[in-house]
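First the proteins, then the strands, lettered A, B, ... as listed; each starts at 1. Every heavy atom of this structure was used, including side-chain atoms; hydrogens, water molecules and symmetry mates were not.
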There are 2 protein chains.
Amino acid sequence: MSGGVEWGLHCCVVLSGSGEPVPAAKLAEFHDVSPSYLAKQLQLLSRAGLVRSTQGQSGGYGLTRPPAEITVLDVVEAIDGSRPAFRCTEVRRRGPLAAPPEKCLTPCSIARVMDAADRAWRESLRAVTIADLAGEVGRTSGPETLARARAWLQT
Amino acid sequence: MSGGVEWGLHCCVVLSGSGEPVPAAKLAEFHDVSPSYLAKQLQLLSRAGLVRSTQGQSGGYGLTRPPAEITVLDVVEAIDGSRPAFRCTEVRRRGPLAAPPEKCLTPCSIARVMDAADRAWRESLRAVTIADLAGEVGRTSGPETLARARAWLQT
DNA sequence: GCTATTGTACTCGGATACTCCATGTCCGAGTGCGCACGG
DNA sequence: CCGTGCGCACTCGGACATGGAGTATCCGAGTACAATAGC
């Protein structure tokens, strides 16, 4: 999985509840990561419609939806793509004993197992929202943590 | 995910129930894939202890355990490695508002979510065995399919 | 004092190099089988 | 006819090239704000 997913999730968490747009450079400095590369991840989030960008002075990024309506899966798919990790190459239809096409109406059993696992993974990620993550941060690191982060981002 | 996982699974299925060892070259010809590259995947399976290799004439690969005791997850981890796809880089401990170490006793909430999804994925793969896959092949492509494949591999 | 205009500084967006891992390949080490030879 | 030794062909195992995707970066297009000039 792309390492940018982690950055994108952290950005969405700190953006949750931030009324004012936050520039990408600020987010990069706050997380101490490469500004140029983080910009690319934010562009991916923008293309997916998760964040909205406003240009010009006092511009930046902001969430388009309430944090409770953005799932972790949304962010992962926006940055890493929505294609499943496993792609069946139809091995059964190759080689000297290739299966005839009329017997390949159903997907390969291996592909079915992989697809089921992929669905389980996605369901697990779909069950958690950005709001859940923000709440968890407040519970483990103290309720004032997020507020201070947002205040710092406004400066 | 590595494409070799698919090859490894197909090999394990056709090896299930095959008493005689099967050379890697035969497996490659049967599946119509690169012999050299398939050899590498089989070496990974051998290192993981899923298959046993015998050298010399009439040598080859064979399963070390009954097919019902080899899970799909075993094969996936043998080839792709057992490390989780997501690795937390502890972003919360960086930047101007870095969290102090005493507040980082529990893992990052993002890492926890990713870890839970990873476990769900692995559990799903662990629930299916090579024997299940072989049975499914017999059900969808006809019971004689696997027997003919094994017979061809013996030639 | 209010408004239109112009300039500027700041923002994002896409096009551009670089690096590392997955892919693909090759040849050498090791071993079991078969044959020839001797008893 | 049987046992033993040798040679060989076949097997795996690890070391060696290649390509593409992820990583990281830069500069240009566009826009909102603010200062300024005119009314």
Side-chain angles (χ1 to χ4, degrees), chain A residues 1-8 11 15 18 20-29 31-64 76-81 83 85-87 89 91 153-155, chain B residues 1-8 11 15 18 20-29 31-64 76-81 83 85-87 89 91 153-155:
Chain A
M1 167 167 1
S2 167
V5 170
E6 186 180 11
W7 299 5
C11 286
L15 283 179
S18 179
E20 298 295 305
V22 179
K26 266 291 194 234
L27 288 167
E29 186 187 357
H31 292 116
D32 187 25
V33 296
S34 161
S36 314
Y37 192 39
L38 182 64
K40 180 188 279 286
Q41 316 301 338
L42 291 169
Q43 283 172 34
L44 290 172
L45 292 178
S46 178
R47 283 188 199 171
L50 299 180
V51 301
R52 169 168 297 281
S53 68
T54 59
Q55 280 192 337
Q57 243 174 353
S58 76
Y61 287 98
L63 299 182
T64 57
V76 171
E77 288 191 333
I79 293 179
D80 250 25
R83 281 167 296 136
F86 180 87
R87 206 180 71 85
T89 61
V91 172
L153 288 172
Q154 297 298 343
T155 61
Chain B
M1 167 168 1
S2 167
V5 171
E6 185 181 11
W7 300 4
C11 286
L15 283 179
S18 177
E20 300 294 308
V22 180
K26 266 289 194 240
L27 288 168
E29 187 188 357
H31 293 116
D32 187 25
V33 297
S34 160
S36 316
Y37 193 38
L38 181 63
K40 181 187 280 284
Q41 317 300 338
L42 290 169
Q43 282 171 34
L44 291 172
L45 293 178
S46 176
R47 283 188 200 171
L50 299 180
V51 301
R52 170 168 293 283
S53 68
T54 60
Q55 280 191 336
Q57 244 173 351
S58 75
Y61 287 98
L63 298 181
T64 58
V76 170
E77 287 190 336
I79 293 179
D80 250 25
R83 280 168 298 137
F86 181 86
R87 205 178 74 84
T89 60
V91 172
L153 288 172
Q154 297 297 341
T155 60

Practice prompt. Ignoring backbone atoms, establish whether B:Ser46 has a side-chain N or O less than 4.0 Å from OP1 or OP2 of D:dG13.
Written response: yes

Worksheet item: Whole Å only: how far is the CD atom of B:Gln55 from the P atom of D:dA9?
Response: 17 Å

Item to complete: Return the value, rounded to whole Å, for the distance between atom CD of B:Gln41 and atom C1' of D:dG14.
Response: 14 Å

Worksheet item: What does B:Ala24 touch in the nucleic acid at a heavy-atom separation under 4.0 angstrom: a base, only the sugar-phosphate, or nothing?
Response: sugar-phosphate

Worksheet item: Does the side chain of A:Lys26 come within less than 4.5 Å of A:Thr155's, by heavy atoms?
Response: yes

Worksheet item: Just to confirm, is there a sub-4.0 Å distance from OP1 or OP2 of D:dT31 to any side-chain nitrogen or oxygen of A:Thr54?
Response: no

Worksheet item: Would you say a side-chain N or O of B:Gln43 is under 4.0 Å from OP1 or OP2 of D:dG14?
Response: yes

Worksheet item: B:Glu6 and A:Arg87: which non-hydrogen atoms are nearest, and at how many Å?
Response: OE1-O, 3.7 Å

Item to complete: Would you please test B:His31 and B:Cys11 for side chain to side chain contact (heavy atoms under 4.5 Å, CB included) and show each step?
Response: CA-CA 9 Å; B:His31 293 116; B:Cys11 286; 3.9 Å; yes

Worksheet item: Atom NZ of A:Lys40 to atom P of C:dA17: distance rounded to whole Å?
Response: 14 Å

Discussion item. Output the rounded distance in Å from CD (A:Glu29) to P (C:dT11).
Written reply: 12 Å

Side-chain donor-acceptor pairs under 3.5 Å in residues 43-51 of chain B, sequence neighbours left out?
none

Discussion item. D:dG13, OP1 or OP2 - any side-chain N/O from B:Ser53 closer than 4.0 Å?
Written reply: yes

Item to complete: Figure out the OH/C1' separation between B:Tyr61 and D:dC10, and round it to whole Å.
Response: 13 Å

Worksheet item: Once you round to the nearest 0.5 Å, how far does CD1 of B:Ile79 lie from CH2 of B:Trp7?
Response: 10.5 Å

Practice prompt. Please test B:Leu153 against B:Ser18 for side chain to side chain contact (heavy atoms under 4.5 Å, CB included), starting from the C-alpha separation and ending with a verdict.
Written response: CA-CA 9 Å; B:Leu153 288 172; B:Ser18 177; 5.8 Å; no

Practice prompt. May I ask you to evaluate whether A:Arg47 reaches the phosphate of C:dG13, defined as a side-chain N or O under 4.0 Å from OP1 or OP2?
Written response: no

Response to the item:
Result for 5'-nearest mapping on DNA chain C, choosing between B:Arg83 and B:Ala39, is B:Arg83

Discussion item. Is the phosphate of D:dC12 approached by B:Arg52 (side-chain N or O, under 4.0 Å from OP1 or OP2)?
Written reply: no

Fill in: Separation of atom CD1 in A:Ile79 from atom P in D:dA21, rounded to whole Å
19 Å

Worksheet item: B:Ser36 has a side chain; which of C:dG14, C:dC26, D:dT25 sits nearest to it?
Response: C:dC26

Worksheet entry | Between C:dC12 (C1') and A:Leu45 (CG): distance, integer Å | 14 Å

Discussion item. Measuring to OP1 and OP2 of D:dC8, would you say a side-chain N or O of B:Gln57 lies under 4.0 angstrom away?
Written reply: no

Fill in: B:Leu42 CG - D:dC12 C1' separation (whole Å)
10 Å

Fill in: Closest-nucleotide 5' rank along DNA chain C - winner of B:Gly56 and B:Gly3
B:Gly3

Worksheet, complete the sentence: From the candidates C:dC12, D:dA24, D:dC12, the one with an atom nearest any side-chain atom of A:Ser34 is D:dA24

Worksheet item: Given C:dT11, C:dA22, C:dC33, which nucleotide is nearest the side-chain atoms of B:Tyr37?
Response: C:dA22

Item to complete: When you get a sec, tell me which of C:dT11, D:dC16, D:dT23 is the closest nucleotide to the side chain of A:Ser2?
Response: D:dT23

